[in-house]
K.L.:
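My structure is below; once you've seen it, I'll send some questions.
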Amino acid sequence: MTLLSNTFAIFLIATLTVYYLCPKRFQWICLLVANTVFYAFSGIGNLAFIAGSSIITFFSASIISNINIKLKSKKSEVSKDEYKKLGKQALNKKRLVLLGMLALNIGVLIYLKYWRVLVGSKTLLLPLGISYYTLQAISYFMDVYNEKIEKESNFAKFFLFISFFPQLIMGPINRYDIQGSQLKTEHKFDLENIKHGVMLILYGALKKYLIANMLYSRIGSILDTYNANFPGCVILFGILMYAIYQYADFSGGIDMFLGVAELFGIKMQPNFKQPYFSTSIANFWQRWHISLGQWMKDYVFYPLTLTSSMYNLSKWCNTHLGRHFARVVPASIANIIVFMLVGVWHGPELHFFVWGLYNGLLIAMSDLLKPVFEKINTLLHINTKSKAWHVFRILRTFILVNIGWYFDRIVNVPQSFIYLKNTFVNFGNPKVLLSKVYMREILGKISNFESQIICILIGCIILLIVSLLKENKIDVYASIQKKNIAFRWAAYYIPLILVILSFTFSAGDTGFMYAQY
C-alpha cells in the first residue's frame with residue numbers, strides 16, 4: 001500500500017483509533033498486529049523473510065546473553081587465571097554465534113539483492129525493507145554482544161521493534177536502546193504529537209510530490225539518453241535537478257514516516273540535518289542518511305580501526321612517517337572500505353561501487369592532506385573563521401557532492417566519465433537553457449509547462465527557507481505555534497493545497513527512490 005493511498009489512510013486511521021482506545025497495556029500488541037498486516041500487503045513470502053531474520057537474531061542474541069551471564073557468575077568462584085581461560089572460551093563461543101548470525105542474515109540479503117546480478121537473473125524480488133531491517137537486526141545483536149544493552153526476553157516485543165511499519169520502506173535504521181523502550185511504553189493521546197506529526201507528513205509530502213515527483217521524468221530525459229556530444233551545461237542542469245530530486249524524495253519520505261510514527265507518540269531517529277549546508281564531505285555524511293552513517297561508523301569503521309593489523313600499521317607509520325600519518329592512515333583505509341560498502345549497500349551495480357569509492361577517497365585525502373591545507377591557508381592569510389570562508393567551504397562541498405552524483409545517477413560508468421568531462425571541457429552556451437523551445441525539447445513536450453516550473457520553484461523556495469531556519473537552530477514548528485491562528489492554519493493548508501495541485505501535473509506516484517535499496 002502506498003503512503004497516500006486510500007488503503008493506507010484507512011489502515012492508519014483504524015490503527016490509531018484502536019491504539020488510543022484500547023487499554024494502554026495492549027498498545028504494543030496493536031502496533032505489532034498493524035506491522036504484520038502492513039508487511040503482509042507486500043506479500044506473505046516477504047513476511048516470512050522478516051520473521052526469519054528476527055527469529056535468527058533474537059535467539060542468537062539470547063545465546064550471547066546467556067554466555068555473558070554464565071561467565072560473570074563464575075568470576076567470584078574461580079581464580080583470575082581460570083577466569084581468563086573461561087573468558088577466552090566464552091569469546092570463542094560468542095564469535096561462532098556471531099559468524100552464524102551474520103552468515104544467515106547477510107547471506108539471505110546477498111542472495112536476494114546481489115545474486116540476481118552475478119548470475120544475470122532478474123527474477124528475484126527484494127522483500128520490502130530488507131536492507132534496512134537486516135542492519136537494524138545486526139545492530140541489536142552487536143549491542144547485546146558488546147553488553148551495551150540487555151537482551152529482549154519477549155520475542156513478540158523484539159519483532160515489534162524490527163517490523164515497526166513506518167521504518168520498513170526506507171528507514172531510518174533505528175537502535176534498540178533508543179526506540180525499543182518507546183515501542184513498549186504506554187502512550188497517552190497528545191494533540192501536540194498529532195499536530196506535529198501531521199505537519200511533518202505535509203512538509204514531507206510537499207518535498208516528495210511537489211518537487212521530487214515533478215522532477216523525476218525531467219532528469220531521465222537528460223541523463224538516461226547517451227549522447228557523447230551533449231553540452232556540459234545541459235548535463236550539469238540534469239545533475240543539479242537530480243541533487244534536488246534525490247534530497248526531496250528521500251528526506252520527504254523520511255519526514256512523512258517520522259510524522260506517522262509521531263502520531264503514535266514515537267520518535268524515530270532523524271536522518272537528515274541540512275546536508276547541502278555541509279562544509280566538507282565528511283560533514284555531509286554526518287548530515288545525510290545519518291542512521292546509515294552512524295551504523296557504519298559503529299559496526300564497521302571502529303571495529304576495523306581497532307584490529308591488530310591497523311594497530312601495527314599505525315605503529316609503522318608513526319616510526320617512518322610521523323604522528324599525523326600514524327593517526328590518519330588507518331582511519332583513511334577504514335573510511336575507504338566503509339564507503340565502498342555503502343556503495344554496494346545501495347546496489348550491486350558498478351556505478352554504486354565507484355560512487356562509494358569516490359566519497360571514501362575524498363574523505364581519506366582530506367584527512368591525509370590536512371596539514372598541507374592548513375599551511376596553504378596560513379600562507380594565503382585566509383581567515384578560516386570568517387563567514388566568507390564558511391560559504392566557500394559550503395560551495396566547495398556542494399560541488400564535490402554533485403560530482404559524486406554523476407556516478408550515483410548515471411548507471412553506465414564510462415558514460416558518467418564522458419559526461420563529467422563534457423561538464424568541464426565542453427560546457428556549451430548556458431543561454432540555451434533559458435530558451436523555452438529548448439527547455440521543452442530536453443524536458444519533453446509537457447502541457448502546463450510554465451505552471452509546473454512555478455510549482456517546483458515554490459516548493460524549492462519553501463524547502464530553502466525551512467532549511468535556512470533549521471541551520472540557524474530555529475525550531476520551525478515551535479515558531480509556527482507562537483504565531484496567530486491565521487498563520488498557523490496557513491502553515492498546514494498551504495502545503496496541503498500545493499501537494500493536491502501537484503497531482504494535477506504529476507504523471508503519477510514514482511515511489512520512493514530509497515525504497516528500492
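Note that the structure is predicted; figures quoted are calculated from it, not measured.
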K.L.:
Does atom NZ of K297 have more than 12 heavy-atom neighbours from other groups under 6.0 Å away?
P.N.:
no
K.L.:
In sequence, state the C-alpha distance, the side-chain angles, and the governing distance for Y276 and N402, and then conclude on side chain to side chain donor-acceptor pair (under 3.5 Å).
P.N.:
CA-CA 10 Å; Y276 286 135; N402 276 273; 5.7 Å; no
K.L.:
List the steps, then state whether side-chain contact (heavy atoms from CB on, under 4.5 Å) holds for L47 with F41.
P.N.:
CA-CA 9 Å; L47 183 60; F41 262 84; over 6 Å; no
K.L.:
Mind checking whether F165 and F264 have parallel, tilted or perpendicular rings, split at 30° and 60°?
P.N.:
perpendicular
K.L.:
In terms of the angle between their ring planes, are W288 and W405 parallel, tilted or perpendicular, with boundaries placed at 30° and 60°?
P.N.:
tilted
K.L.:
I need the T305 OG1 to I333 CD1 distance, nearest 0.5 Å.
P.N.:
11.0 Å
K.L.:
Taking all non-hydrogen atoms of both residues into account, name the closest pair between Q182 and G265 and its distance.
P.N.:
OE1-O, 4.1 Å
K.L.:
Tell me, do Q294 and Q269 make a side-chain contact under 4.5 Å, heavy atoms counted?
P.N.:
no
K.L.:
Assign the ring pair F161 / Y140 to parallel, tilted or perpendicular, where the plane angle (0 to 90°) is split at 30° and 60°.
P.N.:
tilted
K.L.:
Run the numbers on R175 and D298 for salt bridge (Lys or Arg N to Asp or Glu O under 4.0 Å), then give the verdict.
P.N.:
CA-CA 12 Å; R175 300 295 183 87; D298 290 346; 3.0 Å; yes
K.L.:
Any idea which heavy atoms bring S131 and L109 closest together, and the distance?
P.N.:
OG-CD1, 4.0 Å
K.L.:
If you count every heavy atom of other residues, nucleotides or ligands that lies below 6.0 Å from K94 atom NZ, does the total exceed 12?
P.N.:
yes
K.L.:
With ring-ring contact (aromatic ring centres under 6.0 Å, His included) as the criterion, how do Y406 and F417 come out once you've worked through the C-alpha distance, each side chain's angles and the decisive distance to 0.1 Å?
P.N.:
CA-CA 8 Å; Y406 280 76; F417 279 104; 9.8 Å; no
K.L.:
Can you tell me how far the CG atom of L464 sits from the CZ atom of F277, to the nearest 0.5 Å?
P.N.:
5.5 Å
K.L.:
Can you find a pair of side-chain heavy atoms, one from L463 and one from K207, that are under 4.5 Å apart?
P.N.:
yes
K.L.:
Any non-hydrogen side-chain atom of V476 less than 4.5 Å from a side-chain atom of K470?
P.N.:
yes
K.L.:
Roughly how far apart are D143 CG and I149 CD1, rounded to 0.5 Å?
P.N.:
5.0 Å
K.L.:
Given H289, which of W295, W345, F284 fulfils the ring pair (Phe, Tyr, Trp, His ring centres under 6.0 Å) condition?
P.N.:
W345
K.L.:
Would you mind telling me which of L215, I211, L210 makes a side chain to side chain contact (heavy atoms under 4.5 Å, CB included) with C460?
P.N.:
I211
K.L.:
Is there side-chain contact between L292 and Y132, with at least one heavy-atom pair below 4.5 Å?
P.N.:
no
K.L.:
Is the gap between the ring centers of F250 and F272 under 6.0 Å?
P.N.:
yes
K.L.:
For a 4.5 angstrom cut-off between non-hydrogen side-chain atoms, does I290 reach P172?
P.N.:
no
K.L.:
So do the side chains of I410 and H351 get within less than 4.5 Å of each other, counting heavy atoms only?
P.N.:
no
K.L.:
Can you give me the closest heavy-atom contact between R287 and S278, atom names plus distance?
P.N.:
CD-OG, 3.0 Å
K.L.:
Is it true that Y133 and N105 share a donor-acceptor pair across their side chains at a distance under 3.5 Å?
P.N.:
no
K.L.:
Treating Y176 as the side-chain partner and I162 as the backbone partner, does any N or O pair qualify as donor plus acceptor under 3.5 Å?
P.N.:
no
K.L.:
Taking everything shown except Y311 itself, do over 12 heavy atoms lie less than 6.0 Å from its OH?
P.N.:
no
K.L.:
Using the benzene-type ring in the case of Trp, are the ring centres of W355 and Y358 under 6.0 Å apart?
P.N.:
no
K.L.:
Can we call the ring centroids of F257 and F512 under 6.0 Å apart?
P.N.:
yes
K.L.:
Please tell me if the side chains of Q246 and D408 come closer than 4.5 Å, counting only heavy atoms from C-beta onward.
P.N.:
yes
K.L.:
Considering all heavy atoms of both residues, which atom of I64 and which atom of V144 are nearest to each other, and what is their separation?
P.N.:
CG2-O, 4.2 Å
K.L.:
Please evaluate residues V344 and Y114 with respect to the criterion side-chain contact (heavy atoms from CB on, under 4.5 Å), reporting the C-alpha separation (whole Å), side-chain torsions for both, the decisive distance (0.1 Å), and the verdict.
P.N.:
CA-CA 9 Å; V344 172; Y114 305 101; 3.8 Å; yes
K.L.:
State, with a plain yes or no, whether a side-chain heavy atom of Y216 is found less than 4.5 Å away from one of D249.
P.N.:
no
K.L.:
So, for L223 and I239, which heavy atoms are closest and what is the spacing to 0.1 Å?
P.N.:
CD1-CD1, 3.9 Å
